[in-house]
Every structure is written in C-alpha cells, then in structure tokens.
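No experiment lies behind these values; they were computed from the predicted model shown. Lettering of chains follows the sequences in order, A, B, ..., and the numbering in each one begins at 1. The figures that follow rest on heavy atoms only: side chains count, while hydrogens, waters and symmetry mates do not.
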Amino acid sequence: MDPLPQLDERYYLRNFELLCDTVQKQYEDLLAEAEVLFLQRFRQLSETARCLYVRLVSRVGPLFRPEKLNYPELGKLDSALSELASKGLLCRNVAPDLTEIFRLCRKDELVEIFTARLKNASRCRKGELLEQLQAQELSPGDCEALWGRWYPQELVEPRCREVVELLLLLFYGNRHQSLTDFVLSDLGVARFHDYVLDRGFRLFEQRTQIEEYLELGELRAGFSDAVDGDDREQVQALMESLGERDCSPALQQRWDRLRNRVARQLERYQDWESAQHLYRCSNQHPARERRVRILQNQGQLEAALDLCREMQEQAWCEEELEFLQRQIPLLQKKLGLDHQAPARLSYPQERLQLPRGEAGVELDAAAHYLGSWQQVHFVENSLINTLFGLALWEEMFLPVAGAFVNPFQSAPLDMHTQEFYHRRQAAIDARLERLASTEMAGQILASYDRHLGLSNYWVNWRDIDRDLVSTALKSIPGKHLLAIWRRILFDPRANRSGFPDLLALDPGRGYCMIEVKGPGDQLQHNQKRWLRFFQSEQIPCLVAWVDWRDA
DNA sequence: CGAGCTGGGG
DNA sequence: TTCACACGATCTT
DNA sequence: GATCGTGTGTCTCCCCAGCTCGTT
Ligand SMILES: [Mn+2]
Ligand SMILES: [Mn+2]
C-alpha cells in the first residue's frame, strides 16, 4: 500500500471552516438566529480557540477534564479555554452526574472518590460499581459534593453542539457523515468518482423541512432509548406523535420505516390496537403484512382475508406479493373456503455429507465442490453487485438533478427509489444495449481499470479482484448477467441481496451458483425469489443441504 | 501480565 | 445499519 | 417439517494508547 500522505497540521479546522462557509453560502436564508450568531462568534475567535472547539465537538464528551486534553500543536490550552468561555462557546465548572463521572474516570480514581460507599471494589467490574452506586440513589447534591472534594479543577463542556450538528446535516444532507469523511478523502482512503456536485440544488427549501428532519432524528433517538430502557409508556407516546404527524414526500419513507419499527415494538407489548393504528399510517412494507398477522393472531380471519384481497389489488413489492400467495390459501383453508395450495418452488438441490470443519459451512462446501469445478468462490452478493456497479458506473454518476449534494457520496441520493432507473432510463438502456451487442467482458474490465479504488455503493474492491471479474465474465453468459441486472434495476434496494453463497466456475466453459444450507438453516425469502428467477431464465443454480458426517 | 476493547487520531 | 444465520417456539403437518 | 420471531456477528480505513478485566 502507498504510504498515507501528510495532512496539514490544522487540517480539521480548515475542513470545518470549509463546511461552515459552504453551508452559509447555500443555506443562509434558512439559518436561525442562533446559528448565524454561532458562525459570527466562531469566526471572531483566535485560531487556537477555533481549533480546540472543533477538537472538542468532534469527540464523544459531553464533558472533558482539561488536564487530560492532549493537543501539542495547540500549546497551553488555558487561554483558549477562557476565550471560548467568554464567547459563550464553552461551559466551565459543569457538574457531572454519576454516569458522566464514570465515563471521565478510571476505575482506580472512582474507588478514591466513592471509597466509603463501595464494597469489594477491587473485584467488581466498572459496570457493577456503577450499579452499586445507582442503587444508593445519591442525590445530585451528594454526587456533586463527592466530586468537588476529589477533583479540584473545572470540567468543561463545548456549547452549541446542536448547531454543529445542524451544519453537518446541511452540508452532507444526512446524519451519518461527519468531519472524518474529509480526512478519509484527504488521506486517499476513500476516493470518489469525479461527479458534478449540484450546489444549485437544495435538499431543504424551507426551514420546516429542516425541522422535520431534526424531529425525525429526535424521535428515532427517543425510540432507541425507549427500547433500551424497556419503557412502554414512552413507546406509546411515540405512537401518538408519529400517527398524527404529516410528512413531506421527501421524508415519507423514513417516517414510515420508523412507524413500522415502533409498531413492531407495540406488538411485542401486545398492544394490538396501537400497533394496528400505527401500521395503518405507514405506506412501507411490511406494514400491511403485519396488520394481516395481527388480525390472524386475534382470530379475525375474515378481516385478515379482506385486507389480503385489498393488498392484492396493488402489492407494494415482491415480498408482499409472495406473502399474499402464501397467506391467502392458508386463511381460506382456516375459514373452510375453497383454496388452492400455492405453487411450490422447485429448484435443483442435493444433500451433502461433510466432516465438520472449523470455519463456516460455506467453506467446507466450497472445498467439496472443488472436486468437480476448477474454481469455487465464496462471494454471496458481492460479485454480482460489483459487476452491476462496474457495468453501470457512468450512469450511476450522471449529473441528475439533486443526485449529488456533497463531495463524499458513493451513490446518487435516489439510488433506492423507483426514480433511479426512470430518471436515467435512456442512458441505462443504451448502456445495456451496448454491453449486449459488443464484447461485454472488455467493457466491464475497462470500467474496472478506470475506476479501481473509487467508492461505489455496489462495488466491493476488497473482495473482488480483477482476475475474478475476468474469469466470471468468461464463464457467465452475458445474457444471464443482463437479465440479472434488469432485475436489480427493477428494485435496487430489495434485489441487491439474496444471491447464493458460492460461484463455481470452469473458466470459459460454465458456472453454477450454489447456495449452501447448514443443518437448521432455511432459504430466506430473497434467496427464494432469486432461485425462482434463475429457474425462469435457465441460469444454473443449486441448493446444497449439508449435514455433518461424524468423524 | 497480557488479550481484547474503546476512543481518538491521521 | 445491513445481511445472513442460528436457535427455539409454534402452527401450517 | 415449515414458518416465524428474536438475537447475534460483522461492518462501515487502519493504527495506537489507554484502559478493563480476568488470569497467573
Ligand atoms: Mn450466506
Ligand atoms: Mn447459505
């Protein structure tokens, strides 16, 4: 590997300032007063103070012990801390609660602080000590007193974290990327296709859309807390706010996914009414499937069947359709109606007796099939998806309006929506046509060479090397690949998974995709759908049912 | 004392 | 946050 | 036996220091 390049000493400050400038240019009219004020104050700080602030908000916190901060490039931190405090960007002398004390201190320090209240301290784990103290229900005052006696200095806390969060959201257009994306890019760890950034496009056109995104994030975090704390009332409260809330089209999917998760939790609490209500508000699979199952479990079979019929009019996705094909005959049978058993899926299969190996069953099976094939690769989804990404690379990064909003994207924003194919239909059709009519392997390998190492949501550079791409293309007919890619395009989100474990190859002669099933494992729904498709396209595949042979 | 985990860092 | 799997409970046998 | 629900591992780059925790 190439050595990583050196970064400028204060790279993190440059990155943050670039981010601030970009957001301000693009979104100035949507910023609230507090956010504008933050940017003003931040810019007035000395460079050292700005650096320290960026360091602190990039870390977990929320509180810090100043003597533990170690930033040699910033020199003594006292004046920077004072400056931050005087500009309102830092709180000093913050009182920590019990959990925060545990985060800030090592175990031996905790024993010093709480020595009188702890038993068997040396034998207990840190978590057990925390439980001991929590059981004693120290008042905040007690806690503060003990802390003050032990720690003579002031804890500090950077302020306006939520403003920084908002700036990140506006810059990236999501909540999972952060300043580290700059670093990874500068270091060359993550490199990106040279796509056209659509700075004229704004993901948010009104303040309310920003608020909605933030609210979604808060409710999601609230749900996570509620589940962790097994807090049934909080889940109930979430149900109320989620049911009523009306959503912008852009966020509808995410809201519905959260509704589904909350409703699922209500099911676990056996609160069928609330769950039904929330599922009814959701237009995202598996909301309707869950409603059918709830009705069925409550014995309301007619209602369940009615809902199934309604769903059949317009199924939301293949998975839902298959659910209906299984469930409708079942309900009819229970109701004593005429019914027709669903057509059973048939596919090539065989049983294998193998000695138990130490690695996964897939590798044992792969070794076995090396007896009849020249190569066997354990690739699951990675190979087909990589070929898909290589085939449609240029189309993936076409400058479609609103597709690229930050410099660190490995796919367009509409990748998972129905629109992805439609917006690029002419280009994609032309590309597939070209791949079909002229030598496909050369074009795909050229894409491999041209784009090697660039981040692409579909392409797995680590596991799929050039030889494998080349051999696979020699062995799999282009017609098969085109059929598979068309099916991926039909629903890129659902159809990017479920491929068989193994690809067996005789280079230039033939291939077979083999799904390995160990004892007790069954075919997943997405695996069954691909198997059915392989059958209809006469694509060679096999399911190998393994059990262990005693050695 | 050392294996293993976490958070911070480039 | 995804994907595949293991395992146990239950219902469809 | 099939199906369903739940929990788990692995993973988002790689290295290092500091820390935890269980073993000697
Ligand atoms: Mn697998
Ligand atoms: Mn398998």
Side-chain angles (χ1 to χ4, degrees), chain A residues 1-12 15 54-61 64 68-73 102-110 121-129 174-191 220 224 227 254 257 261 264-265 267-268 286 289-290 292-293 296-297 322-323 326-334 339 341-342 344-345 360-362 378 380-382 385 408 410 416 453 455 457 460-463 493-501 515-528 545-546:
Chain A
M1 271 293 166
D2 300 333
L4 296 179
Q6 281 276 316
L7 297 187
D8 159 52
E9 192 177 58
R10 301 189 168 188
Y11 67 91
Y12 49 93
N15 293 341
V54 175
R55 285 293 198 193
L56 293 182
V57 293
S58 302
R59 291 177 53 173
V60 172
F64 297 92
K68 289 247 190 185
L69 299 174
N70 178 27
Y71 298 114
E73 81 277 15
F102 268 65
R103 207 189 54 76
L104 288 165
C105 297
R106 290 194 316 268
K107 198 173 139 185
D108 57 317
E109 295 173 322
L110 293 170
S122 57
R123 298 174 162 214
C124 292
R125 290 180 305 183
K126 213 174 164 182
E128 292 169 337
L129 296 181
N174 62 63
R175 300 201 78 179
H176 58 267
Q177 290 184 286
S178 67
L179 286 177
T180 56
D181 288 72
F182 279 96
V183 182
L184 296 180
S185 170
D186 290 343
L187 290 173
V189 170
R191 293 161 49 233
R220 204 182 276 167
S224 175
V227 171
R254 293 168 203 249
R257 258 193 266 285
R261 286 167 59 196
R264 199 74 180 76
Q265 190 63 24
E267 282 192 74
R268 295 192 182 99
E289 173 178 335
R290 296 312 312 169
V292 172
R293 289 190 189 281
Q296 199 177 322
N297 290 339
E322 299 212 333
F323 165 76
R326 291 194 309 274
Q327 219 62 21
I328 288 177
L330 206 70
L331 286 165
Q332 287 173 326
K333 186 175 175 188
K334 284 189 172 185
H339 66 280
R344 284 198 60 78
L345 173 63
V361 63
E362 293 88 353
F378 180 18
E380 279 184 334
N381 307 313
S382 59
N385 284 340
F408 313 116
S410 53
H416 284 311
S455 291
Y457 179 69
N460 185 337
W461 297 112
R462 192 192 52 191
D463 298 337
R493 170 150 199 144
N495 293 339
R496 68 191 304 274
S497 61
F499 295 100
D501 294 313
E515 170 57 34
V516 181
K517 283 300 168 195
D521 192 11
Q522 290 293 311
L523 289 168
Q524 321 267 318
H525 293 149
N526 52 2
Q527 294 174 332
K528 285 183 181 169
W545 302 93
V546 176

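When heavy atoms are screened at a 4.0 angstrom cut-off, Arg264(A) is found touching the sugar-phosphate backbone but no base atom.
Taking only side-chain atoms of Lys126(A), from C-beta outward, the nucleotide of dC4(D), dT20(D), dT12(D) with the closest atom is dT20(D). Closest contact between the side chain of Leu184(A) and the listed nucleotides dA4(C), dC13(D), dT12(C) involves dC13(D). The Arg293(A) side chain lies nearest to dC4(D) when the options are dG22(D), dC4(D), dC5(C). Here the side chain of Leu330(A) is nearest to one of dT12(C), dC21(D), dC4(D), namely dT12(C).
In plain terms, the two heavy atoms of Leu110(A) and Cys105(A) that are nearest each other are CD2-CB, 3.8 Å.
Distance, Tyr71(A) OH to dG9(B) C1': 9 Å, rounded to whole Å. Note: CG (Asn385(A)) to P (dC3(C)) measures 9 Å, nearest angstrom.
Few gaps surround CZ on Arg103(A); more than 12 heavy atoms of other groups in view lie less than 6.0 Å from it.
Ring to ring, Phe408(A) and Phe182(A) are close: their centroids are under 6.0 angstrom apart.
We find that Lys517(A) and Glu362(A) are not joined by a salt bridge, their nearest charged nitrogen and carboxylate oxygen being 4.0 Å or further apart.
Look at Lys334(A) and you'll find a side-chain N or O under 4.0 angstrom from OP1 or OP2 of dT12(C).
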